[in-house]
Peer 1: 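Supplied in structure tokens, the structure appears directly below.
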Protein chains: 2
Amino acid sequence: MLRSFIDVDPDSHFPIQNLPYGVFCRSDKSSPRIGVAIGDYVLDLAVVDEAGCFKTTPVAGKGVFNRPSLNAFIGLGHTAWQEVRSTIQKLLSADEATLRDNERLRAEALIPQKEIKLLMPVEIGDYTDFYASKEHASNVGTMFRGKENALMDNWLHLPVGYHGRASSVVLSGTEIRRPVGQSKPPHASQPIFGPSQQLDFELEIGWFVGPGNKLGEPITIAQAEQQIFGLVLVNDWSARDIQAWEYRPLGPFLSKSFATSISPWVVPLAALEPFRVDGPTQDPEPLPYLQQQNKGAFDIHLEAHLQGEGMSEAQRICTTNFRYMYWSMAQQTVHHTVAGCNLRSGDLLASGTISGPEKNSRGCLLELTWRGDDPIDLGSGQQRVWLEDGDQLTITGWCQGDGYRVGFGEVTGRILPPLVSDENI
Amino acid sequence: MLRSFIDVDPDSHFPIQNLPYGVFCRSDKSSPRIGVAIGDYVLDLAVVDEAGCFKTTPVAGKGVFNRPSLNAFIGLGHTAWQEVRSTIQKLLSADEATLRDNERLRAEALIPQKEIKLLMPVEIGDYTDFYASKEHASNVGTMFRGKENALMDNWLHLPVGYHGRASSVVLSGTEIRRPVGQSKPPHASQPIFGPSQQLDFELEIGWFVGPGNKLGEPITIAQAEQQIFGLVLVNDWSARDIQAWEYRPLGPFLSKSFATSISPWVVPLAALEPFRVDGPTQDPEPLPYLQQQNKGAFDIHLEAHLQGEGMSEAQRICTTNFRYMYWSMAQQTVHHTVAGCNLRSGDLLASGTISGPEKNSRGCLLELTWRGDDPIDLGSGQQRVWLEDGDQLTITGWCQGDGYRVGFGEVTGRILPPLVSDENI
């Protein structure tokens, strides 16, 4: 097994097999730059680049790591990503002297993670959210339209998706203000206005694409995975009461665009190769442009934890897996471009809520509590149907290797009370 | 009446009363910069700025006009826009000597429009499309759900909108590749794949917002118009067959994101003040956050023209007006932020298809031909239900003043045949 000269705990999310990219500032107020996580450290790629370690790779002389976002690096494409990754992996390996035995370079390039501040890793041009879990779509459909009409007739033929809001994608840790808006309770004659009473999370995985395609020139299924740079955890916060009232006929809008949180470390697709698995059987067979030849799913264990105010620790409320997804990342990416839409370096695509077959593998409160019929017990006498002010929701996930984990860290956010008081309504 | 020392035809879209902003390159390959249109000329604001003409305004020393987009200028806010506009208006007026009598400055700053190339005026962060014409929503609803269920029950309470795709917003003149994708003909048992057979345009008006609001801090109706920098014509190209199959339950996606065209000149909201009118009566009364105190509609005459291959000239197929819109720009802007969503400088919001009460005032082919039941006669034996390859669709619009027009120029695009041949399907 590949090992680093840096000690990494077997439970750490960041062994040498992972090497996720992030953007960070050092406490000495250096400008934002790009690093990779290794154990409890971050390797400053701007420093390593300046020391000439990338001089045989396609990034040489381009200064792509001394930047406040990953976009320039992502834009260089798959070959550059591969060469940089193998260079870093070699540099950090136990039997490579370049960094290991250079005390000055090590001191400059390896910084304890507790001394850095993580920033948004990517400048997101457009954000698209899919609806690619069959269990999620079926559960939601059953609740709203009955079991017989659970899946819309298009669902098994194409990955349903919609344009999300890029401006309100925020970094893990950002506090989330409870949204205010219109809703219409089931038996009300008129809509009401006020803070959302049905605030929910959505456990998702997102991926950053690049270099992208030109307008009118679709990506083929054979090219699709070379367009996937890396993955993050996504919490697509949702206000179900606002959503139910606004979404017809053009889809979710303000019920989603008040905030979407992402985890700070972007896990390269290459790090997930050992965890590639077959996805669910697709029946009916998809149209040719969606037929993927290789295994398209990934075995990523995922959990959601909720901690209310006054609770001494968070309670796990969901255990699920990315491998349950009916439509693969490649299929979603290809479908996005088939009519000609262009993707740009750093665009974010996300899977939609990830739900599995078990009751506790459902990735949002709407499903976990079955629209409120079945509250979650958090212990200490606390129950939840929807998120309350002060609640902290954390999603984490990892691939379990033999003696190591390729992990995503976490995406977390705490709910702040709404700004509007009852008097203003 | 205010007059410029530059001769401007009474039918010109660009008198001194207008002064729309655009981004352009000169044929001498200078870097992109910002100008305003005046008659057949463009005034190079980077040159005028360097000459010190803005030294008493908030843009002084900021270099906001020597840029490839309007974003930095838009970000300075309403007071800066006002002072710059009045400075330019004075500079170009017949009785002001500064520019009029400075031959060297005039030669450098005033360039015939035929010698420049117009570029995308704004770097668009997010694009949002609304559905704010009651006639449009009613017509579409009648076609798909019958007259009794024409308007969804939320429509009269809030401006329905959805997140669009920013990456595929293109400048007028860009040729539009016919999109390819999935659709399901009414009596087919399975979806089919191929070029869209129901390609449509949508006549819309869009506006660029700025400086915007912070996440979680909504814009109020009183502040809303100070957040509207200026307006453009928008053609939100639509593939109706792809749309009908994909849109449930999350809204339009690939049927829209293959292209959206905008006109190059951004008409300041200030130039439209003389044409402010009352919009339609709103019944029921909107919720307080949407109640606008001033007149929120604008009398902008709008036309769409279609020219097929082999036609000697374009034929007008629609005559409508922006004043028909049920929801005002201010209301749409406020609603967008009410749940906390942040708008950024240069975000594009658009009205949705603008339709009026008359048959020929409907702003898309779906309505004009009533889903194909009533083809449009283009003369010379040509008819249209949907757009054909080679068709050129042009939208134009203006406000008619007493002896002058405040115009938008045009947004135009020609349909290219699809890339996919029948063999590939």
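Order of the sequence lines fixes the chain letters, A, B, ..., with proteins taken first and strands second; residue numbering starts at 1 for each chain.
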Peer 1: Just so I understand: if I count every heavy-atom pair under 4.5 Å between each of B:Pro218, B:Ser196, B:Gly141, B:Pro252 and chain A, which residue has the most?
Peer 2: B:Pro252
Peer 1: Checking A:Leu416 against chain B: side chain, backbone, both or neither under 4.5 Å from a heavy atom?
Peer 2: neither
Peer 1: Checking heavy atoms, do the side chain of A:Val140, its backbone, both or neither come under 4.5 Å from chain B?
Peer 2: neither
Peer 1: Given a strict heavy-atom distance threshold of 4.5 Å, which part of B:Leu343 is in contact with chain A: side chain, backbone, both, or neither?
Peer 2: both
Peer 1: What part of A:Lys184 is in contact with chain B, defined as an atom under 4.5 angstrom from a non-hydrogen atom: side chain, backbone, both or neither?
Peer 2: side chain
Peer 1: So, the side chain of A:Ser167 versus the backbone of B:Asn342: is there a donor-acceptor pair under 3.5 Å, distance only?
Peer 2: yes
Peer 1: Side-chain contact test, heavy atoms from C-beta onward, threshold under 4.5 Å: evaluate it for A:His163 versus B:Asp126 and give yes or no.
Peer 2: no
Peer 1: Please report the C-alpha distance between B:Phe258 and A:Leu215 in whole Å, then the side-chain angles of each, then the deciding distance to 0.1 Å, and finally whether the side chain to side chain contact (heavy atoms under 4.5 Å, CB included) criterion is met.
Peer 2: CA-CA 7 Å; B:Phe258 64 93; A:Leu215 192 64; 5.7 Å; no
Peer 1: Work out which heavy atom in B:Tyr247 is nearest to a heavy atom in A:Pro249; give both atom names and the distance.
Peer 2: CD1-O, 3.5 Å
Peer 1: Against chain A, work out which of B:Ser168, B:Gly125, B:Gly161 has the most heavy-atom pairs shorter than 4.5 Å and name it.
Peer 2: B:Gly161
Peer 1: Would you indicate whether the side-chain heavy atoms of A:Leu287 and B:Gln190 approach each other to under 4.5 Å?
Peer 2: no
Peer 1: Parallel, tilted or perpendicular: which one describes the rings of A:His157 and B:Trp245, with boundaries at 30° and 60°?
Peer 2: tilted
Peer 1: Contact part of A:Leu290 toward chain B, heavy-atom cut-off under 4.5 Å: side chain, backbone, both or neither?
Peer 2: side chain
Peer 1: Looking at every heavy atom in both B:His335 and A:Leu254, which two are closest together, and how far apart are they?
Peer 2: O-CD1, 3.0 Å
Peer 1: Based on non-hydrogen pairs under 4.5 Å, which of A:Gly340, A:Gly164, A:Ala239 is most in contact with chain B?
Peer 2: A:Gly164
Peer 1: Between B:Tyr162 and A:Glu246, is any side-chain donor less than 3.5 angstrom from a side-chain acceptor?
Peer 2: no
Peer 1: Can you check whether B:Leu250 reaches A:Phe130 side chain to side chain, under 4.5 Å on heavy atoms?
Peer 2: no
Peer 1: Looking at A:Arg165, A:Arg178, A:Glu123, which makes the most heavy-atom pairs under 4.5 Å with chain B?
Peer 2: A:Arg165
Peer 1: I'd like to know which of A:Pro179, A:Ala259, A:Ala137 tops the heavy-atom pair count under 4.5 Å against chain B.
Peer 2: A:Pro179
Peer 1: Using non-hydrogen atoms and a 4.5 Å limit, figure out which bit of A:Asp153 sits close to chain B: side chain, backbone, both or neither.
Peer 2: both
Peer 1: In sequence, state the C-alpha distance, the side-chain angles, and the governing distance for B:His336 and A:Phe253, and then conclude on ring-ring contact (aromatic ring centres under 6.0 Å, His included).
Peer 2: CA-CA 8 Å; B:His336 201 317; A:Phe253 182 42; 4.9 Å; yes
Peer 1: Can B:Arg248 and A:Val160 be said to form a side chain to side chain contact (heavy atoms under 4.5 Å, CB included), step by step?
Peer 2: CA-CA 8 Å; B:Arg248 291 189 311 158; A:Val160 171; over 6 Å; no
Peer 1: Check the pair B:Gln182 / A:Tyr289 against side chain to side chain contact (heavy atoms under 4.5 Å, CB included), numbers first and verdict last.
Peer 2: CA-CA 10 Å; B:Gln182 287 194 35; A:Tyr289 78 98; 3.0 Å; yes
Peer 1: Determine yes or no for a side-chain-to-main-chain donor-acceptor pair under 3.5 angstrom, with B:Arg177 supplying the side chain and A:Glu217 the backbone.
Peer 2: no
Peer 1: Does any backbone or side-chain atom of A:Ser255 lie under 4.5 Å from a heavy atom of chain B? Answer side chain, backbone, both or neither.
Peer 2: neither
Peer 1: Measure B:Thr128 against the heavy atoms of chain A and call it side chain, backbone, both or neither at under 4.5 Å.
Peer 2: side chain
Peer 1: I'd like to verify something: which residue of B:Asp129, B:Ile242, B:Asp347 has the highest number of heavy-atom pairs under 4.5 Å with chain A?
Peer 2: B:Asp347
